[in-house]
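First up is the structure itself, then whatever we jot down about it.
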2 protein chains.
Amino acid sequence: MLKKSLEPLPTPSPRGRKAIKVEPRIILDAALKVFAEQGVAGANLRAIARGAGCDPALIYYHFGSKEGIFEALLDELFGELQRELAKVVGETTGQPTQERMRQVMDLIVRQLRTRGRGLQGIARGEVVAGAEGTRISIAKRLRPILDLLRQVFAEGMAKGEVRADLPLPILPFFFLRPLVEILELIPVMSAHLSDFPPEEALAMALTAWFDLFWNGASPSQERGDRLLPAVAKSPL
Amino acid sequence: MLKKSLEPLPTPSPRGRKAIKVEPRIILDAALKVFAEQGVAGANLRAIARGAGCDPALIYYHFGSKEGIFEALLDELFGELQRELAKVVGETTGQPTQERMRQVMDLIVRQLRTRGRGLQGIARGEVVAGAEGTRISIAKRLRPILDLLRQVFAEGMAKGEVRADLPLPILPFFFLRPLVEILELIPVMSAHLSDFPPEEALAMALTAWFDLFWNGASPSQERGDRLLPAVAKSPL
DNA sequence: GCCAAAATTCAACACGCGATGAAAATCGCC
DNA sequence: GGCGATTTTCATCGCGTGTTGAATTTTGGC
């Protein structure tokens with residue numbers, strides 16, 4: 001055990017047998033990494049504890065259970081994204097919708113990437129064992145984020161900058177899900193398959209996705225007829 | 001044990017202690033269900049064996065390991081999808097690209113849904129523990145399917161029916177991934193959140209996605225400038 | 001100074017899981 | 001009919017995992 005005077009510790013001092021002070025923050029960081037890399041079912045508490053440099057029992061002390069630390073992590077990550085997103089949406093009010101969404105996309109990409117694949121790994125957590133619970137947890141936290149995007153699209157529709165015949169309830173989903181997948185899969189694909197270095201491939205894919213989202217795959221001179229009948233917007 | 005004369009069994013007869021004949025096909029069906037519902041890490045062989053009505057050891061006998069049965073399942077499902085897809089692509093040669101892709105989408109949706117969520121559950125398997133191996137397995141089998149889609153897009157570009165400035169290597173990905181996600185998430189969202197019955201919500205979402213893919217979110221009178229510089233097609 | 005609370009580690013429990021070898025039953029070949 | 005091959009179940013192993021209570025150490029209130 002390090003001598004107290006050598007320990008860069010905030011108050012209070014560590015307690016317990018041969019104790020080293022490990023803040024819950026450090027445990028959450030380690031958890032993010034392990035959950036992202038191995039999924040929720042595949043992740044285990046001993047790996048998180050090793051990453052944090054503490055005993056697995058301390059995780060139970062602070063977070064109650066494996067599920068508890070996962071929920072805490074979701075609260076933190078989605079909360080942070082939601083706050084930053086609300087800020088961007090507020091700050092861009094009045095700007096053209098595509099410009100607003102470009103800044104939204106930049107924020108989402110930045111948030112997802114500075115967390116070392118954490119959030120995107122966890123956002124795909126719906127596939128894991130106990131997925132129904134996980135899916136509900138994630139969906140609950142994703143809702144306000146989708147609502148913010150929906151607000152931007154709704155304002156865009158009012159301004160005539162977004163097609164009003166698209167189903168507003170799921171339009172944010174169409175925008176966001178491919179985005180999350182691009183961040184995960186394009187670097188992997190490009191590393192194996194492409195002549196582009198991964199960073200360029202990612203940037204190109206993001207730009208391409210943004211363009212495709214707004215302009216579609218049809219050449220402009222052969223713009224398809226509207227395929228959608230006018231639909232009443234459902235109260236999502 | 002059922003009397004032999006009562007057992008609806010194909011040849012040969014069951015062997016071993018108190019044996020009931022369980023075909024590998026039945027085991028694969030049970031495996032599909034368990035992997036889809038619980039993910040690869042969350043799935044266990046005893047659950048598969050219970051579903052199939054046999055002993056877990058029989059799974060080892062026929063498939064060698066947990067990974068072995070998973071790989072066998074991937075071979076079967078992706079192989080089937082690939083054959084059906086190649087058939088549709090062949091049969092629609094010469095038709096307009098949007099019509100071809102509509103039939104492609106119909107096939108993919110039909111295949112993904114008749115397997116009781118099996119393939120889409122497994123297609124998201126990249127998140128599970130040991131995901132790198134799983135990811136490679138799935139990517140390997142997904143490649144020829146993406147290649148078929150890419151062929152359709154390439155022919156469409158040659159005919160001027162698809163924008164030639166979009167990155168062909170990842171365009172099938174842009175089309176396919178949201179599709180897979182729609183099948184999984186829209187019914188869940190709609191069941192909880194929408195006034196639409198799930199089937200109508202799904203149909204609406206698929207139509208909306210198809211429209212958005214081709215025509216983009218911009219109103220036609222405000223079609224955005226091309227955001228993409230012309231890019232050399234990478235040799236994917 | 002005492003004592004309860006807090007926070008850490010240690011040791012262990014109970015259980016699930018992938019995997020395996022032996023036992024048992026049937027088949028087909030000779 | 002004997003025997004090897006095949007295929008099924010049974011019993012078990014070794015290990016990992018979530019979780020918990022006891023032990024230990026420190027802190028702060030009184």
Side-chain angles (χ1 to χ4, degrees), chain A residues 1-5 7 9-28 30-31 34-35 38-72 128-130 133-134, chain B residues 1-5 7 9-28 30-31 34-35 38-72 128-130 133-134:
Chain A
M1 180 178 79
L2 293 174
K3 286 177 178 171
K4 185 173 166 60
S5 60
E7 290 168 356
L9 294 174
T11 56
S13 293
R15 311 179 188 193
R17 189 182 301 176
K18 301 175 186 167
I20 299 172
K21 174 71 177 177
V22 176
E23 293 279 0
R25 156 85 278 123
I26 303 299
I27 300 175
L28 281 172
V34 172
F35 281 129
Q38 305 184 33
V40 180
N44 68 74
L45 292 168
R46 286 169 175 77
I48 295 172
R50 282 196 299 276
C54 69
D55 191 87
L58 189 60
I59 299 174
Y60 286 89
Y61 180 80
H62 285 299
F63 298 99
S65 66
K66 182 178 181 182
E67 180 185 353
I69 190 169
F70 183 62
E71 295 282 315
V128 300
T134 307
Chain B
M1 179 177 80
L2 292 174
K3 286 178 179 173
K4 185 172 166 62
S5 60
E7 289 168 352
L9 293 175
T11 55
S13 293
R15 309 179 189 191
R17 190 183 302 177
K18 303 176 186 168
I20 299 172
K21 174 73 176 174
V22 176
E23 292 280 0
R25 156 85 279 120
I26 302 300
I27 300 174
L28 281 170
V34 173
F35 281 130
Q38 305 183 34
V40 179
N44 67 73
L45 294 168
R46 286 169 176 76
I48 294 173
R50 281 197 299 276
C54 68
D55 191 88
L58 189 60
I59 299 175
Y60 286 91
Y61 179 80
H62 285 300
F63 298 98
S65 65
K66 182 180 183 183
E67 180 186 353
I69 189 167
F70 183 61
E71 295 281 315
V128 299
T134 306

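Values reported hereafter were calculated over all heavy atoms of this structure, with side chains retained and with hydrogens, waters and symmetry mates removed. Residue numbering restarts at 1 for every chain, and letters A, B, ... go by the order of the sequence lines.
- Nucleic acid contact class of L45(B) (heavy atoms, under 4.0 Å, all strands): sugar-phosphate only.
- Within the structure, a side-chain polar atom (N or O) of K66(A) is placed less than 4.0 Å from OP1 or OP2 of dG18(D).
- Between H62(A) and the phosphate of dA6(C), there is no side-chain N or O to OP1/OP2 separation shorter than 4.0 Å.
- Atom pair K18(A):NZ and dT25(D):P shows a separation of 9 Å (rounding to whole Å applied).
- For A57(B), counting side-chain heavy atoms from C-beta on, the closest listed nucleotide (dT25(D), dT19(D), dG21(C)) is dG21(C).
- Atom CD1 of I26(B) and atom P of dT8(D) are 12 Å apart (whole Å).
- Using a 4.0 Å cut-off, some side-chain N or O of N44(B) falls inside it from OP1 or OP2 of dC17(C).
- For the pair R17(A) CZ and dA12(C) P, the computed distance is 11 Å after rounding to whole Å.
- Sequence order on DNA chain C of the closest nucleotides to R46(A) and Y61(A) puts Y61(A) first from the 5' end.
- Side-chain nitrogen and oxygen atoms of S13(B) include none within less than 4.0 Å of the OP1 or OP2 phosphate oxygen of dA25(C).
- For dT19(D), the OP1/OP2 oxygens have a side-chain nitrogen or oxygen of Y60(A) closer than 4.0 Å.
- For K21(A), a side-chain nitrogen or oxygen approaches OP1 or OP2 of dT8(C) to under 4.0 Å.
- Taking only distance into account, the side chain of R15(A) meets the base of dA6(C) through a donor-acceptor pair shorter than 3.5 Å.
- Atom CD1 of I69(A) and atom P of dG18(D) are 11 Å apart (whole Å).
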